[in-house]
2 protein chains.
Amino acid sequence: MKNKTGEAETALTVQAAAAQTGLSVHTLRYYERAGLIPSIRRDDGSGHRRYQDRDLTFIEFLKRLRTTGMPISEMQRYADLMRQGNITMEERKAMLEAHRERVRLQIAELQASLSAIEWKIENYDRLGLEQAVSTSEKEGTNGIK
Amino acid sequence: MKNKTGEAETALTVQAAAAQTGLSVHTLRYYERAGLIPSIRRDDGSGHRRYQDRDLTFIEFLKRLRTTGMPISEMQRYADLMRQGNITMEERKAMLEAHRERVRLQIAELQASLSAIEWKIENYDRLGLEQAVSTSEKEGTNGIK
DNA sequence: CCTTGACTTAGAGCACGCTCTAAGGTGTAC
DNA sequence: GTACACCTTAGAGCGTGCTCTAAGTCAAGG
């Protein structure tokens with residue numbers, strides 16, 4: 001959905017920005033109100049939001065943070081630091097480093113869980129349609145409800 | 001925290017089960033009420049829950065499903081199927097297979113986000129304490145608030 | 001001019017997954 | 001027998017992250 005030759009076109013409406021980022025219009029406004037997004041420029045007459053390329057780039061980054069489970073409150077802190085300028089670079093970097101570790105842990109946990117799930121699926125294969133009782137479930141058949 | 005030589009001891013109280021699984025007492029009862037856990041046996045006189053090894057094993061599996069983002073409603077469906085016995089094995093296996101794909105996707109997404117975060121951290125290193133404006137943020141310094 | 005439609009705001013509402021409360025039962029220790 | 005710890009239940013409450021509503025503004029088209 002690039003404009004012409006892919007050069008700076010800027011100025012998307014909130015709808016267009018929603019379409020492009022995959023967030024809802026509501027969520028975009030919510031993020032801005034929450035102070036996560038710095039400043040979105042407005043159209044002179046109407047006061048409507050006009051998303052520029054750098055806004056969209058930053059929103060993509062915010063999406064990364066959310067995807068990886070960073071709470072809104074921490075993203076607010078990060079955005080606050082950005083607003084304070086360069087003197088906060090170290091702290092921002094430290095936040096990202098801490099978050100990086102959490103993400104690595106998350107990935108490791110998911111991988112362990114994936115293994116467990118795969119193992120369970122293989123169990124269903126092994127004990128397939130002949131026998132039933134799997135290695136960790138001997139329930140069923142007793143009408144509990 | 002195994003009992004003696006690590007053999008079958010069964011019969012943990014809800015507190016002990018909570019300690020062992022890392023879930024709260026409240027959550028254990030909530031899961032049972034929600035029909036996620038099949039049956040937990042009760043003490044004759046008091047009616048108190050007595051968690052057996054297989055209960056704990058199954059709870060660990062439930063934790064895997066939750067960790068990987070399976071909604072409670074879907075876990076309820078899975079537990080329902082278990083209660084219906086062996087004829088539902090295929091459907092249960094299908095559920096796990098579908099979930100496995102979602103988990104794989106999640107991991108891929110997390111890894112992509114991790115890369116983005118790492119890249120951003122490296123940016124802070126590169127533009128370090130000398131210059132400030134990073135590749136995707138030229139905010140700051142304009143007192144918005 | 002006036003309708004249409006996309007936008008604006010502040011604030012209410014909602015789904016999810018717990019988490020806690022209130023009122024009461026059981027059983028062991030003194 | 002009574003204090004105490006620990007359990008039971010049904011149901012209310014809560015934090016998070018959206019999601020939606022109501023009331024109003026603006027600009028372009030007929």
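Naming convention: chains lettered A, B, ... in sequence-line order (proteins, then strands); numbering from 1 in each chain.
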Nucleic acid contacts of residues 24-33 of chain B, taken as heavy-atom distances under 4.0 Å to DNA chain C: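 Only B:H26, B:T27, B:Y30, B:Y31 qualify.
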Whether B:Y78 and A:Y124 hold their rings parallel, tilted or perpendicular, with breakpoints at 30° and 60°: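 Taking A:Y124 first and then B:Y78, their aromatic rings stand perpendicular (interplane angle over 60°).
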Contact check, side chains of A:T88 and A:M82, non-hydrogen atoms, under 4.5 Å: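 With C-beta onward as the side chain, the pair stays apart.
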Close side-chain approach of A:L110 to B:T68, heavy-atom, < 4.5 Å: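 Side-chain contact under 4.5 Å: yes.
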Which residues pass the salt bridge (charged side-chain N to carboxylate O under 4.0 Å, His left out) test with [X], sequence neighbours left out?
{"X": "A:R100", "result": "none"}
{"X": "B:E122", "result": "none"}
{"X": "A:R50", "result": "A:D43"}

Base-paired stems in DNA chain C, each at least three Watson-Crick or G-U pairs under 3.5 Å: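 Paired runs of 3+ in DNA chain C: C:1-30 with D:1-30.
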A:T13 side-chain N/O to C:dC7 phosphate OP1/OP2 under 4.0 Å: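 Answer yes for this pair, as a side-chain N or O of A:T13 is under 4.0 Å from OP1 or OP2.
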Phosphate contact (D:dC6 OP1 or OP2) by B:Q15 side-chain N/O below 4.0 Å: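 No, outside the criterion.
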Pairing residues for A:E91 by the side chain to side chain donor-acceptor pair (under 3.5 Å) criterion, not counting sequence neighbours: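 Per chain and number, A:E91 pairs via side chain to side chain donor-acceptor pair (under 3.5 Å) with A:R77.
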With sequence neighbours excluded, residues passing side chain to side chain donor-acceptor pair (under 3.5 Å) with B:E118: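 Scan of B:E118 (side chain to side chain donor-acceptor pair (under 3.5 Å), adjacent residues dropped) gives A:R104.
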Qualifying side chain to side chain donor-acceptor pair (under 3.5 Å) pairs with a residue from residues 105-115 of chain B, counting only residues at least two apart or across chains: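 Residue pairs passing side chain to side chain donor-acceptor pair (under 3.5 Å), neighbours aside: A:R64-B:S113.
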Let me have the donor-acceptor pairs involving side chains of residues 69-76 of chain B, under 3.5 Å, with sequence neighbours excluded, atom names and distances please.
{"residue": "B:E74", "atom": "OE1", "partner": "B:R102", "partner atom": "NH2", "Å": "3.3"}
{"residue": "B:E74", "atom": "OE2", "partner": "B:R102", "partner atom": "NH2", "Å": "2.8"}
{"residue": "B:Q76", "atom": "NE2", "partner": "B:A34", "partner atom": "O", "Å": "3.1"}

Check the distance between [N]'s [atom2] and [X]'s [atom1] and give it to me in whole angstrom.
{"X": "A:I40", "N": "C:dC7", "atom1": "CD1", "atom2": "P", "value": "14 Å"}
{"X": "A:L23", "N": "D:dC20", "atom1": "CG", "atom2": "C1'", "value": "17 Å"}
{"X": "A:I72", "N": "D:dG15", "atom1": "CD1", "atom2": "C1'", "value": "13 Å"}
{"X": "A:R49", "N": "D:dC26", "atom1": "CZ", "atom2": "C1'", "value": "15 Å"}

Nearest-nucleotide pick for B:R42, side chain only, options being C:dG17, D:dT9, D:dG17: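 Within the option list, the nearest is D:dT9.
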Sugar-phosphate or base contact per nucleotide [nucleotides 22-30 of chain C; S, B, -; heavy atom under 4.0 Å]: ---BSS---
Close residues, residues 62-71 of chain A, relative to DNA chain D [heavy-atom separation under 4.0 Å]: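 Here the set is A:R66, A:P71.
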Contact summary for A:A79 and A:G35, nearest pair of heavy atoms: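 Distance-wise, the nearest heavy atoms are CB-O, 3.1 Å.
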For B:Y51, side-chain contact (heavy atoms from CB on, under 4.5 Å) partners two or more places apart: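 side-chain contact (heavy atoms from CB on, under 4.5 Å) check on B:Y51 returns B:L12, B:V14, B:A17, B:L28, B:E32, B:I40, B:R49, B:D55, B:L56, B:I59.
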Ion pair B:E60/B:K63, N-O distance below 4.0 Å: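 Answer for the salt bridge query: yes.
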